[in-house]
Protein chains: 4
Amino acid sequence: MTALPPVRLRADARRNRDKIVAAAVHAFTEDGPYLPMEEIARLAGVGVGTLYRHFPDRDALIMAVVQDSLGTMLARARAAAVDEPCAWDALIRSMSGSPEIRLALRLPNLFQPATTEVIRADPEIRRIRGELMAQIDTLVQAAQQEGTLRADVGTGDVVHLFSLLLQGMQKMPREVGEAVYERSCAIVLDGLRTRRGPLLPGGPLTLRDITE
Amino acid sequence: MTALPPVRLRADARRNRDKIVAAAVHAFTEDGPYLPMEEIARLAGVGVGTLYRHFPDRDALIMAVVQDSLGTMLARARAAAVDEPCAWDALIRSMSGSPEIRLALRLPNLFQPATTEVIRADPEIRRIRGELMAQIDTLVQAAQQEGTLRADVGTGDVVHLFSLLLQGMQKMPREVGEAVYERSCAIVLDGLRTRRGPLLPGGPLTLRDITE
Amino acid sequence: MTALPPVRLRADARRNRDKIVAAAVHAFTEDGPYLPMEEIARLAGVGVGTLYRHFPDRDALIMAVVQDSLGTMLARARAAAVDEPCAWDALIRSMSGSPEIRLALRLPNLFQPATTEVIRADPEIRRIRGELMAQIDTLVQAAQQEGTLRADVGTGDVVHLFSLLLQGMQKMPREVGEAVYERSCAIVLDGLRTRRGPLLPGGPLTLRDITE
Amino acid sequence: MTALPPVRLRADARRNRDKIVAAAVHAFTEDGPYLPMEEIARLAGVGVGTLYRHFPDRDALIMAVVQDSLGTMLARARAAAVDEPCAWDALIRSMSGSPEIRLALRLPNLFQPATTEVIRADPEIRRIRGELMAQIDTLVQAAQQEGTLRADVGTGDVVHLFSLLLQGMQKMPREVGEAVYERSCAIVLDGLRTRRGPLLPGGPLTLRDITE
DNA sequence: GATGAATGAGTGTTCATTCAT
DNA sequence: AATGAATGAACACTCATTCAT
């Protein structure tokens, strides 16, 4: 689910807007959010002029990407809460289940300090973020009730740890990133769980595994 | 311990060089490595020309900062290995003891892909990094021998997790960062330990705690 | 005739491109090819950005100027071959008839060695240059056939001498340059002709004539 | 013979001064007069500071090089006038006999307009130049008296033509430059002589001969 | 006097943003 | 509404010249 821009757009304009946001999500994920606007437009298959018609400056585009991403994440978290009988599983799925979620959790760390401030100040983002956080809060409490999540952690602890785990996947080839994530996640979950989990997946990582 | 530049410099030039690296370390930590060279020079209290005399381009400066950081971290890790009777404690101190270590562990994620390649290729950096990694490897194995560190993790797992924890301190005011780090670290250590540790420090974090 | 850039440009862009090349030809002739890019842009009446959109760096602009000049010279040489009944006259007109020709013949000596290499390597320039040389070669042989040009010179001799004569016009006020050129040219032509020509134009030059 | 700087220098300082001028002459000949001052100092085997102690700025160094060069040329012209029984031969030897002469004749064309003005204004250069020109003037008149040089040319014509011929040697490998010069010179001499000379040296030049 | 480090103005080039087509 | 050309401010880097050692 995506946050809608204030006004209705003609169908083709809407399509352009979506192409741009999609291209930006992809580009931000690969190269960070400060690649040339012209390049983003090229990747979206539109002219720069069109990009600027939809988003008056880079910050506006970034905002749209963040809104889009958080919106998607909220939808998934709600779905997980409904689908999964066990709160612990719903929580984990909410925080790591899909590429969109992974991007959303990494976003806050991609930007320069000034941009970060702007993002934090955006009311729409505050709204979505608030709903998302409430949703996760609910899951955290439920998991503590059911006795799977240790009682002395809060939602902030959980979110922070997952956001770090996902950031760790950057800068690595996809395959390696996945494997590294799986193991680190398992270790962290053992730290979060009431009782220690099963053996870690795969074998111990060497330093080579995480560097090249 | 700091990586020395290849040739002896006149005393004043040496002093300038050190001022520049120190300013760059500080600036990179705050604003990332792509702030204007002129700004770095200003922070170091020298002219741009001086900066460029010492480092022919931004990459050269970045390299010097990385060498410096890794060198410092290596020295600390060795000191920890000598001082601490218990390998577990030495390991933790090696990976989280000081701002320099924290910078060193965050460095790999600060740079653009092209710069990252250049850094990886530098022979001096490869050398220091190799020694550092060997040192940590030794501590990991010792900690597993003494039964404090779980047997199914490798040095790569440990280093990766600490590097993430330290990255998490960015973007937060120092106080908050410290507190968040302490708690996340305790949770991760519980995941890494053979047996569950004591209660986490402080109280559960809320979402407000990690966002503003 | 002017070498066309590979792709069609919007009318206004085409006009700007032409203004830039014209300004560059003029500026190179006056001040050599290494005046500030900003100055060239100013002379062309455009912003630096526009200059760089059309020519990604100074070398690209230089190349365009060289192509343009050689193209013009080729067109004139062909016209001269058609118009003039006598090959000797066609040859002289080809080599000295206009400012464009004069620039084209001086070009090889205006650039720094590195730039010169780049120019020589450009395929488009090689092509135009080849056609031009073939054309002049034809005229040289025709002039030798008709008995006006001495038989023991080659096209290289002729081109080299004219190129020197034209270089001699630099560094002098236009009036003086013209007069000096006319006389030197007449002397050289006497050296090239089968039979000695008429008296030289004007009176003997003193040293003052060529220095101030 | 070299124009002396106003004050006596200590022997070692004098030696440095000479090394610098010699290096500058060489460097100007190869790369033009606008290479970095630091590079000139390096070629001379001294520090920049030393260069600047002797010559307060680039123009001062250029001036010294021009003075040096003209002085040498004057000495050679005088020697030729004394040695050669025939004025025509003395004239030719004066204008093309040695590398120093060739440099001196090319110098005026190496500089940017502004520098050229400064050179022209220098009183010492005006003085040497005046003497040199008087000397050549004498030879020109003598050659016309003896009937070898055509009567309708002046010293200015002769000097201009030789200066062009020598400029033509730049930008070519030495071997090629020499051969091209010999032929062009012979053609020009045929234009200057009262009666046509013998066949040109070597064979006709093709275009390839003068371009690569 | 010699040296080479420090300075900062000058220039090439990029890129966010605006605007004519 | 879309396009891509034009603009100029911003930044990287160079080099003439000055000055501390």
Side-chain angles (χ1 to χ4, degrees), chain A residues 9-14 16-17 34-42 45-61, chain B residues 9-17 20 34-42 44-61, chain C residues 9-17 20 34-42 44-61, chain D residues 9-10 12-13 16-17 34-42 45-61:
Chain A
L9 294 174
R10 250 169 47 187
D12 59 338
R14 175 77 216 175
N16 269 339
R17 202 197 116 98
Y34 298 105
L35 75 175
M37 295 295 268
E38 196 114 21
E39 178 70 4
I40 298 172
R42 208 180 50 68
V46 303
V48 235
T50 306
L51 197 166
Y52 274 92
R53 167 170 294 275
H54 286 288
F55 307 101
D57 59 18
R58 184 188 295 278
D59 280 357
L61 174 60
Chain B
L9 292 175
R10 237 165 60 183
D12 58 338
R14 173 80 218 175
R15 220 170 311 120
N16 270 333
R17 203 198 115 97
I20 292 168
Y34 298 104
L35 76 174
M37 294 296 267
E38 195 118 17
E39 178 70 5
I40 299 173
R42 209 181 51 67
V46 302
V48 235
T50 303
L51 197 167
Y52 276 95
R53 167 174 282 269
H54 286 285
F55 307 101
D57 58 19
R58 184 188 295 278
D59 279 359
L61 174 60
Chain C
L9 293 174
R10 237 166 61 182
D12 58 339
R14 174 78 217 178
R15 220 171 310 122
N16 270 334
R17 203 199 115 98
I20 292 169
Y34 299 104
L35 74 175
M37 294 296 267
E38 195 118 17
E39 178 70 5
I40 298 173
R42 209 182 49 69
V46 302
V48 235
T50 304
L51 198 167
Y52 275 94
R53 166 175 282 270
H54 287 285
F55 307 101
D57 56 20
R58 185 187 293 280
D59 279 359
L61 174 59
Chain D
L9 294 173
R10 252 168 48 185
D12 60 338
N16 269 339
R17 204 199 114 96
Y34 299 105
L35 74 175
M37 296 295 269
E38 196 115 20
E39 177 71 4
I40 298 172
R42 208 181 50 67
V46 303
V48 235
T50 305
L51 197 167
Y52 273 92
R53 167 169 292 274
H54 286 289
F55 307 101
D57 58 18
R58 183 190 294 277
D59 279 358
L61 174 60

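Model, not experiment: these values are computed from the prediction. Here is how names work: the chains are called A, B, and so on, in the same order as the sequence lines, proteins then strands, and each is numbered from 1.
At F:dA6, one or more side-chain N or O atoms of C:His54 fall inside 4.0 Å of OP1 or OP2 (strictly under the cut-off). Residue D:Thr50 places at least one side-chain N or O closer than 4.0 Å to OP1 or OP2 of E:dT3. Put simply, A:Asn16 has no side-chain N or O that comes within less than 4.0 Å of OP1 or OP2 on F:dA1.
Smallest separation of non-hydrogen atoms from D:Val46 and D:Leu51: CG2-N, 4.4 Å. When all heavy atoms are compared, the tightest approach of B:Tyr52 to B:Met37 is OH-CG, 3.3 Å. The minimum heavy-atom distance linking B:Ile20 with B:Phe55 is given by the pair CG2-CE1, 3.7 Å.
Summarising the geometry, the separation between CD on A:Glu39 and C1' on F:dG4 is reported as 15 Å, rounded to the nearest angstrom. One atom, CZ of A:Arg17, and another, C1' of F:dA1, lie 16 Å apart when rounded to the nearest Å. Taking atom CG on A:Leu35 and atom C1' on E:dA16, their separation rounds to 13 Å, with Å as the unit. Whole-Å rounding puts the D:Leu51 CG to F:dT17 P distance at 10 Å. For C:Glu38 and E:dT14, the CD to P distance is 14 Å, given to the nearest whole Å. Between the OH atom of D:Tyr52 and the P atom of E:dA5 there is a distance of 16 Å, rounded to whole Å. Atom OH of A:Tyr34 and atom P of F:dA10 are 18 Å apart (whole Å). In this structure, CZ of B:Phe55 is placed 16 Å from P of F:dA12, rounded to the nearest angstrom.
Nearest to the side-chain atoms of D:Val48 among the listed nucleotides E:dT13, F:dT17, F:dC11 stands F:dT17. When each of E:dT17, F:dT3, F:dT17 is scored by its nearest atom to the side-chain atoms of A:Val46, the top-ranked nucleotide is F:dT3. Here F:dA16 is the nucleotide among E:dT11, F:dA16, E:dG8 with the atom lying nearest to any side-chain atom of D:Pro36. Nearest to the side chain of A:Arg53, among F:dC15, F:dA2, F:dA6, sits F:dA2. Nearest nucleotide to the A:Met37 side chain, out of E:dT17, F:dT17, F:dC13: E:dT17.
Using Watson-Crick or G-U wobble geometry with both donor-acceptor distances under 3.5 Å, F:dC19 finds its partner in E:dG4.
Sequence order on DNA chain F of the closest nucleotides to B:Arg15 and D:Pro56 puts D:Pro56 first from the 5' end. Taking for each of D:Gly45 and C:Asp57 the nucleotide of DNA chain E with the nearest heavy atom, the 5'-most of the two is the partner of D:Gly45. With DNA chain F read from its 5' end, the first of the two nearest nucleotides for B:Gly49 and C:Gly49 is the one closest to C:Gly49.
For C:Glu38, the CD atom sits in a loose shell: 12 or fewer heavy atoms of surrounding residues, nucleotides or ligands are nearer than 6.0 Å.
Judged by distance alone, with hydrogens and angles left aside, the side-chain atoms of D:Arg58 form a donor-acceptor pair with the main-chain N or O of D:Leu35 at under 3.5 Å.
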